[in-house]
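From a predicted model like this one, the values you see are computed outputs, not experimental measurements.
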Amino acid sequence: MSEEQKQAENRARPTTEEFRGFVREDWAERRPQADGRAPAAEYAAARRALVSAAFPKQRLIVPAGGLKVRSNDTDYVFRPHSAFAHLTGLGADREPDAVLVLEPTGDGHEAILYFRPLGERDSDDFFADARYGEFWVGARPSLADLELELGLTARHVDEFEAAAAKDAGEVTVRLVRDADRDLTRTLDSARVENGAAEESLVESDDALAHALSVLRLTKDEFEIEQMREAVAGTHVGFEAVIAELTTAVELGRGERWIEGIFGLHARHQGNGVGYDSIAAAGDHANTLHWIRNTGDVADGDLVLLDAGVEVDSLYTADITRTLPVSGTFTDTQREIYDAVYAAQEAGIAAARPGAKFSDIHAAAIRVIAEHLHAWGLLPEGVSVDDTLDTEHGQYHRRWMVHGTSHHLGLDVHDCALATRAEYMDAELTPGMVLTVEPGLYFKADDLKVPERFRGIGVRIEDDIVITQDGNENLSAAMPRSSADVEAWIADVREENA
């Protein structure tokens, strides 16, 4: 359910019956909002079939979520819950307050989408509702439009409450709880009234949420193609940033300029950014999630740009490049960068079917530890194997505290509800999409490292799909080695001269 907006009395407009009659008259016939089945529809139907088989004879409720108030009477841009998007094929800003219900039938489930359809022109909503009205926010699809587009049953959202209560006490109802907290409270009360044990609701619902999260571990053909598009759009955004690095230096507050340039292209290439961009210059690169982006950019800096385009289907890329603003790495910057690159190469090589997900981190972090040992940064007497010991070592984590990989898809950290056995300890299989992103971070005030290292942070991140015989680097077209990055910057600058 959408959050309530405050309605300012001082902005009310007088509405007469004469005006109502006048505004309803003489409109051309509306054009359909859909002209055929959406490309995602057949894939979403196949996913729903898997969920149906896992929960036979149970009513499964997956809300899109509602609008969130940003300030007074304005909302944040709507993004549906990822489980809803995965099972319907709807993306972008569609459809606030909608609810997907998998209604049990004799041999499976009927997929029914309850949503707010296009309003009639003889209603005040048509011209007076600033949140949903066609005059204000544009036309919504009709019931027929959505049925044609998605290949499921569409009904008005006003019918949902009665449908959810149908056969109460006889049908087990499961709900994706975190998609719509208000709806969860309402359905919890109704389920308890009809005999469900209150203490069992969370556990029962969590089983559904877990199943829907694990379902996304392996991507289908449509999803992988969406990831390719997201990466391609991200490539465009990175090259636009490279072309503007000099401007970012000249204008001041250059991190914001970089963030803005990438965001401009993300919005043009897709739905927007998949997560808040990290545009970290100099020592800010050593703050892993630096999203304030308030700093200046100096000519000798490295800029760590961690950013991804989210396409309209809501699949997102997640790419990091560390770029020398001058176009050329210093000797020390190159030394650190090349160590991270070597670690990433080892991690990518380990990403193959039959290996464990954790093998990627193990391969990359060993290379990191070897470089730290060679530089004399580990405590005296501590070997590479000593620091890699998970019970008594881990000294290397001072300079690389994060993991090397995560699943990627509708969420930048996808499949988050999978168990450790299903995630970290699981075998990699074809169709999994994940990142490989080692880094080294030497804070400006870190007295355990040589002065020449201080203030330098480097991360390199690519998006990988596991294939039958190894992996494909979806972002391979974006240069990674230090020499190739320098050539890339030179090429982009020449093209934009």
Side-chain angles (χ1 to χ4, degrees), residues 1-38 62-81 84-85 88-101 112-150 152-164 179-183 186 267-268 270-272 312-314:
M1 300 178 187
S2 293
E3 292 179 350
E4 183 180 354
Q5 287 184 349
K6 298 294 185 183
Q7 300 301 315
E9 184 180 350
N10 56 36
R11 298 187 65 191
R13 295 290 181 268
T15 300
T16 65
E17 287 303 320
E18 290 77 8
F19 170 74
R20 284 191 176 93
F22 185 71
V23 81
R24 292 168 182 163
E25 296 173 351
D26 297 328
W27 297 101
E29 186 176 349
R30 282 168 165 149
R31 296 179 179 179
Q33 295 286 304
D35 57 6
R37 193 77 79 234
V62 185
L67 297 166
K68 307 295 182 185
V69 174
R70 185 184 188 277
S71 173
N72 190 31
D73 58 353
T74 62
D75 296 319
Y76 286 102
V77 174
F78 177 70
R79 183 195 190 279
H81 191 278
F84 177 89
T88 63
L90 292 175
D93 57 355
R94 302 177 64 188
E95 298 279 335
D97 296 321
V99 185
L100 173 68
V101 176
I112 305 172
L113 186 64
Y114 296 88
F115 79 109
R116 185 189 301 272
L118 184 65
E120 297 298 330
R121 284 173 172 152
D122 61 359
S123 69
D124 282 5
D125 286 353
F126 172 57
F127 67 88
D129 190 331
R131 201 177 206 188
Y132 299 107
E134 187 175 345
F135 257 55
W136 297 83
V137 298
R140 298 188 301 274
S142 67
L143 295 173
D145 285 331
L146 217 53
E147 289 186 340
L148 174 61
E149 180 183 3
L150 301 181
L152 43 61
T153 301
R155 293 179 183 163
H156 198 292
V157 70
D158 289 348
E159 299 178 34
F160 166 72
E161 188 173 342
D180 190 326
R181 300 293 185 182
D182 291 338
L183 184 59
T186 299
R267 190 67 170 155
H268 185 248
N271 189 48
D312 290 339
S313 60
L314 302 183

Test log, rule side-chain contact (heavy atoms from CB on, under 4.5 Å), inputs Leu118 and Asp145: CA-CA 10 Å; Leu118 184 65; Asp145 285 331; 5.8 Å; no
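A donor-acceptor distance shorter than 3.5 angstrom exists from the side chain of Thr16 to the backbone of Phe19, with no hydrogens or angles considered. Using a distance-only test at 3.5 Å, with no hydrogens or angles considered, a donor-acceptor pair links the side chain of Thr88 to the main chain of Phe84. One N or O on the side chain of Glu147 and one on the backbone of Ala154 form a donor-acceptor pair closer than 3.5 Å. Although no hydrogens or angles enter the test, the distance criterion places a donor-acceptor pair under 3.5 Å between the side chain of Arg140 and the main chain of Pro117. With hydrogens and angles ignored, the 3.5 Å screen pairs a side-chain donor or acceptor of Arg37 with a backbone N or O of Leu148. The backbone N or O of Leu67 lies less than 3.5 Å from no partner atom in the side chain of Asp75, so there is not a single donor-acceptor pair.
Pairing each heavy atom of Trp27 with each of Val23, the nearest pair is NE1-O, 2.6 Å. Minimum heavy-atom separation, Leu143 to Phe115: CD2-CE2, 3.6 Å. Taking each heavy atom of Ala128 and Trp136 in turn, the nearest pair found is C-NE1, 3.9 Å. Residue Tyr132 comes nearest to Ser2 through the heavy atom pair OH-OG, 3.2 Å, listed as atom of the first residue, atom of the second, then distance. Among all heavy-atom pairs drawn from Arg121 and Ala28, the shortest one is NH1-O, 2.9 Å. Closest heavy-atom contact between Ala130 and Val137: O-CG1, 3.8 Å.
Dense packing is recorded around CD of Glu3, with more than 12 heavy atoms of other residues, nucleotides or ligands lying under 6.0 Å away. At most 12 non-hydrogen atoms from other residues, nucleotides or ligands lie less than 6.0 angstrom from CD of Glu4. Residue-environment remark: CG (Asp35) stays at or below the threshold of 12 foreign heavy atoms within 6.0 Å. By the neighbour-count criterion of 12 heavy atoms within 6.0 Å, atom CZ of Arg24 is densely surrounded, having more than that number from other residues, nucleotides or ligands. In the displayed structure, His268 atom NE2 is contacted under 6.0 Å by at most 12 heavy atoms of other residues, nucleotides or ligands.
Residues satisfying the salt bridge (Lys or Arg N to Asp or Glu O under 4.0 Å) test with Arg30, not counting sequence neighbours, are Glu134.
Put simply, OG1 on Thr74 and CZ on Arg131 are 10.0 Å apart, with the number rounded to the nearest 0.5 Å. Note that the CG atom of Leu146 and the CD atom of Glu95 stand 6.0 Å from one another [nearest 0.5 Å]. The CG atom of Asp97 sits 9.5 Å away from atom CG of Leu183, with the distance rounded to the nearest 0.5 Å. Once rounded to the nearest 0.5 Å, the distance linking CD of Glu161 with CD of Glu159 reads 12.0 Å. The distance from the CG atom of Leu100 to the OG1 atom of Thr153 is 10.5 Å, given to the nearest 0.5 Å.
Residues Pro80 and Leu314 have side chains in contact (heavy-atom distance under 4.5 Å, counting atoms from C-beta outward). Phe160 is not listed as a side-chain neighbour of Pro63, based on a closest heavy-atom distance of 4.5 Å or more. Side-chain contact between Val101 and Tyr114 is present, with at least one heavy-atom pair separated by less than 4.5 Å. For the pair Phe127/Arg20, a side-chain contact is recorded, criterion being any heavy-atom separation below 4.5 Å from C-beta on.
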